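Just so you know, these numbers come straight off a predicted model, no measurement behind them.
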Amino acid sequence: MKSTDVADPEYFHKVIDCQWACPAHTPVPEYIRLIAQRRYADAFMVNWESNVFPGILGRTCDRPCEPACRRTRVEEKPVAICRLKRVAADLKGDIGPRLPQRPFPPNGKRVALIGGGPASLTVARDLLPLGYHCVVFEKDTRAGGLMRTNIPSFRLPVSVLDEEVDRVLDLGAEVRFGHEVDSLQAIREEGFDAVFIGTGAPRGKDLAVKGREEAGANVHIGIDFLTSVAFGHVDKIGRRVVVIGGGNTAMDCCRTALRLGGEEVTVTVRSPRADMKASEWEIEDALREGVPILDNHSPVEFRTENGKLTAVVFEKMKAEYDDTGRRKLRPTGEPPVVVECDDVLMAIGQENAFPWIERGIGLDFDDNGMPVVDAQTFSSTMPGVFFGGDAAWGPENIIWAVAHGHQAAISIDLFCRGEPLDRRPPPHTNLVSQKMGIHEWSYDNDVSVSRRIPVPHVETAAALKSLTVEVELGYDEKLAFDEAMRCLNCDVQTVFTSNLCIECDACTDICPVDCINFVENAPETQLREKLRVPARNLEQDLYIADGLKTGRIMAKDEDVCLHCGLCAERCPTGAWDMQKYTYWDAHADASREPADAA
């Protein structure tokens, strides 16, 4: 194998598994260390730079970072990254003076942002300080998009939502609330220099099964139901409620129904429980509140009596998997299951709807009715029109919408300045030794033995009495400190200098996970097997360094390294060092650097 190029900005980034997995590439270990130091405002600003909505995402993020957390290599549960983000938001204090300060010198460019959700707000956050005049078109009376309409207040308090949405709008955005755009061509004719479309996936899917039309008065589309509750248009529901669907929207629907008077609320899903799309913690919250989940139940009929819904009939299913893991659901042949109910909430998915975009004006759609969008630049086939969030490729989650917004803002800035859209700015990186003495580091490298600390909750009976009582209480300072100390500091890298090594093998002796090896070189497949502990996780790299006097190489398995620093403490020559790798995704302001340099 060739020596690893540690100058490649993505190499050490990939080793920071949590940051690598985050769509917005938030520097997770950095803000967790700051929380452990009780520097909450600093931790908040690290988050705000990347993910824009720390308080919102600290409660609602789908947490792609957590399954990637290196802590799961040594125990079952990852660090509570998401809930620590909330700690930074809840305890930040006054961060107003640290935000970009108006007024910003105008650059004469106007950008239309259609939809007031997280993607559009991220674009505004990045472009407003650069002097762009951003106009947000939002059909509702407040901005926030799905964060406001689809996430119940008992999960995301309105005060938190308003604070973080207004923090963006207060940078100087012009807002046109209650303005539902019905023509893209009309927007373009207003003379905007660029248009960003972040309208989400606003249409809930329905089922065409027997009796659906007759039961229509009592069958509600899940996202429409949640929106009606959010804006106070619905404040009650039947005593017996069936929720059809296994995603996060279904979990929000069933928990909302409990708070609106539902006494017997049941969730049904076609797939096995293990295949449900809802996040593990969302399912746990629903079960905690007493909602039964009937898996392998496929709806086949809505029964009515005198025009009123009385029950849903389900066919029992079983899952069969082929050699590739592809699943097919087949009827078991068992007798049908009848679940009596007064109302049904349909939460089987969402899809995009673009009736307001005229066909034939130069903006292409694919065979599924989705706009053709470039995956790197977020540009459509119509110059100056960009997409992001759920509007680009279908339903995802908030953190993906934020990531899209950052990249779309870069493209809009480049487009408005006449620069090529593929001239993407590189990330900002830095690699700095953490040595403060012979055996001292600027970070705490002890590996905590604590298990993941549960987040305190409001007592269930009290929570179910109100739509607005936040169920999760969050960590206090002590719990936050203890949980933060579980972080393994994956951004502090073990950096090896071959010409300082005397091959004493002291580092291999002290390594607690046997991930360091001095061996004869070989092709990767063979090398992975001949290490002291075979390195069979092919998604994680081997750190290779040659140039040793004996002709051997140093091969380190990045998969299981704990970043404890014992190798560097033990090394008598300083061949090993602990160096913090800082990686910041570039935003729109950075896209100016190459052009100015030219």
Side-chain angles (χ1 to χ4, degrees), residues 1-21 29 67-76 78 323-325 431 433-434 439 441 445-447 449 488-581 583:
M1 290 187 68
K2 294 182 179 180
S3 284
T4 300
D5 179 11
V6 296
D8 177 355
E10 298 303 322
Y11 178 74
F12 282 137
H13 179 207
K14 185 178 178 182
V15 178
I16 314 171
D17 300 84
C18 49
Q19 184 177 18
W20 177 264
C69 176
R70 191 172 298 268
R71 191 81 193 188
T72 59
R73 269 77 140 186
V74 295
E75 64 179 84
E76 181 182 357
D323 293 340
T324 67
L431 188 62
S433 175
Q434 300 303 290
H439 299 304
W441 312 105
N445 66 323
D446 285 341
V447 177
V449 297
L488 296 175
N489 299 289
C490 294
D491 59 340
V492 181
Q493 307 295 339
T494 51
V495 179
F496 184 75
T497 305
S498 297
N499 61 11
L500 295 179
C501 179
I502 58 174
E503 300 184 64
C504 66
D505 289 357
C507 53
T508 64
D509 292 339
I510 201 169
C511 177
V513 291
D514 293 330
C515 68
I516 299 173
N517 303 261
F518 289 89
V519 295
E520 298 296 325
N521 207 341
E524 181 174 356
T525 302
Q526 298 175 26
L527 186 60
R528 284 182 173 272
E529 288 298 324
K530 67 188 289 188
L531 301 183
R532 297 165 71 196
V533 178
R536 292 170 179 154
N537 181 1
L538 301 183
E539 294 183 0
Q540 293 282 325
D541 292 331
L542 296 181
Y543 181 3
I544 304 297
D546 58 15
L548 298 174
K549 294 179 177 61
T550 64
R552 298 187 301 173
I553 62 167
M554 187 286 299
K556 172 175 170 283
D557 182 7
E558 297 284 22
D559 184 40
V560 294
C561 176
L562 299 176
H563 298 247
C564 62
L566 291 177
C567 54
E569 291 181 10
R570 182 68 180 83
C571 180
T573 65
W576 286 105
D577 191 18
M578 304 305 295
Q579 299 184 12
K580 185 172 77 170
Y581 186 66
Y583 182 101

Item to complete: May I ask you to say whether Asp505 pairs ionically with Arg552, meaning some side-chain N is under 4.0 Å from a carboxylate O?
Response: yes

Discussion item. Strictly distance-based, threshold 3.5 Å: is any side-chain N or O of Ser498 a donor or acceptor partner for the main-chain N or O of Ala545?
Written reply: no

Worksheet item: CG/Asp541 to CE/Met1 distance, rounded to the nearest 0.5 angstrom?
Response: 7.5 Å

Worksheet item: Run the side chain to side chain contact (heavy atoms under 4.5 Å, CB included) check on Gln540 and Val560 step by step: do they pass?
Response: CA-CA 9 Å; Gln540 293 282 325; Val560 294; over 6 Å; no

Worksheet item: With no hydrogens and no angle check, is any side-chain donor or acceptor of Arg532 less than 3.5 Å from a backbone partner on Thr508?
Response: yes

Response to the item:
In terms of heavy-atom contacts, Ile502 and Pro572 come closest through CD1-CG, 4.1 Å

Worksheet item: Is there a donor-acceptor pair under 3.5 Å between the side chain of Lys530 and the backbone N or O of Glu520?
Response: yes

Fill in: Side chains of Val74 and Leu562 in contact at under 4.5 Å (non-hydrogen atoms)
yes

Item to complete: Describe, in one word, how the ring planes of Tyr583 and His13 are oriented to each other, choosing from parallel (under 30°), tilted (30 to 60°) and perpendicular (over 60°).
Response: parallel

Worksheet item: Side chain of Tyr581, backbone of Pro9: donor and acceptor closer than 3.5 Å?
Response: yes

Discussion item. Taking Glu539's backbone N and O only, do any of them form a donor-acceptor pair with Lys14's side chain (distance below 3.5 Å, no angle check)?
Written reply: yes

Response to the item:
OG1 of Thr525 to CZ of Arg536, rounded to nearest 0.5 Å, is 12.5 Å

Worksheet item: Of Val6, Leu431, Thr494, which is the lone residue that meets side chain to side chain contact (heavy atoms under 4.5 Å, CB included) with Gln579?
Response: Leu431

Fill in: Side-chain donor/acceptor of Asp5 to backbone N/O of Ala7, under 3.5 Å
yes

Practice prompt. Considering non-hydrogen atoms only, spot the tightest contact between Phe496 and Cys501 and give its length.
Written response: CZ-CB, 3.6 Å

Item to complete: Compare every heavy atom of Leu527 with every heavy atom of Asn521, then report the nearest pair and how far apart it is.
Response: OD1-CD2, 4.4 Å

Fill in: Atom pair CD/CG of Glu558 and Asn537 - distance to nearest 0.5 Å
11.5 Å

Item to complete: Quick one: closest heavy-atom pair of Cys511 and Asp514, and the distance?
Response: SG-N, 3.3 Å

Discussion item. Donor-acceptor check, side chain of Arg73 to backbone of Asp559, threshold 3.5 angstrom: yes or no?
Written reply: yes

Discussion item. Less than 4.5 Å apart, side chain to side chain, heavy atoms only: is that true for Tyr543 and Val495?
Written reply: yes

Discussion item. So which atom in Pro29 and which in Asn489 form the shortest heavy-atom distance, rounded to 0.1 Å?
Written reply: CB-CA, 4.4 Å

Item to complete: Kindly determine whether Gln493 and Ile16 satisfy side chain to side chain contact (heavy atoms under 4.5 Å, CB included), including the steps that lead there.
Response: CA-CA 9 Å; Gln493 307 295 339; Ile16 314 171; 3.6 Å; yes

Fill in: Step-by-step side chain to side chain contact (heavy atoms under 4.5 Å, CB included) determination, Val492 to Trp441
CA-CA 10 Å; Val492 181; Trp441 312 105; over 6 Å; no

Worksheet item: Quick one: does Glu503's side chain have a donor or acceptor within less than 3.5 Å of a partner on Thr550's backbone?
Response: yes

Item to complete: Measure the CG-CZ distance between Asn517 and Arg528 for me, rounded to the nearest 0.5 Å.
Response: 11.5 Å

Practice prompt. Before giving the answer on side chain to side chain donor-acceptor pair (under 3.5 Å), spell out for Glu569 and Asn445 the whole-Å C-alpha distance, their side-chain angles and the decisive distance to 0.1 Å.
Written response: CA-CA 11 Å; Glu569 291 181 10; Asn445 66 323; 3.1 Å; yes

Discussion item. Could you go through Leu531 and Leu542, starting from their C-alpha distance and side-chain angles, then the distance that decides it, and tell me whether this counts as side chain to side chain contact (heavy atoms under 4.5 Å, CB included)?
Written reply: CA-CA 11 Å; Leu531 301 183; Leu542 296 181; 3.9 Å; yes

Practice prompt. Find the distance between NE2 (His563) and SG (Cys490) and round it off to the nearest 0.5 Å.
Written response: 4.5 Å

Item to complete: Calculate, to the nearest 0.5 Å, the distance between atoms CG and CD belonging to Asp577 and Gln434 respectively.
Response: 8.5 Å

Worksheet entry | Closest heavy-atom pair and its distance - Pro78, Arg71 | CA-CB, 4.2 Å

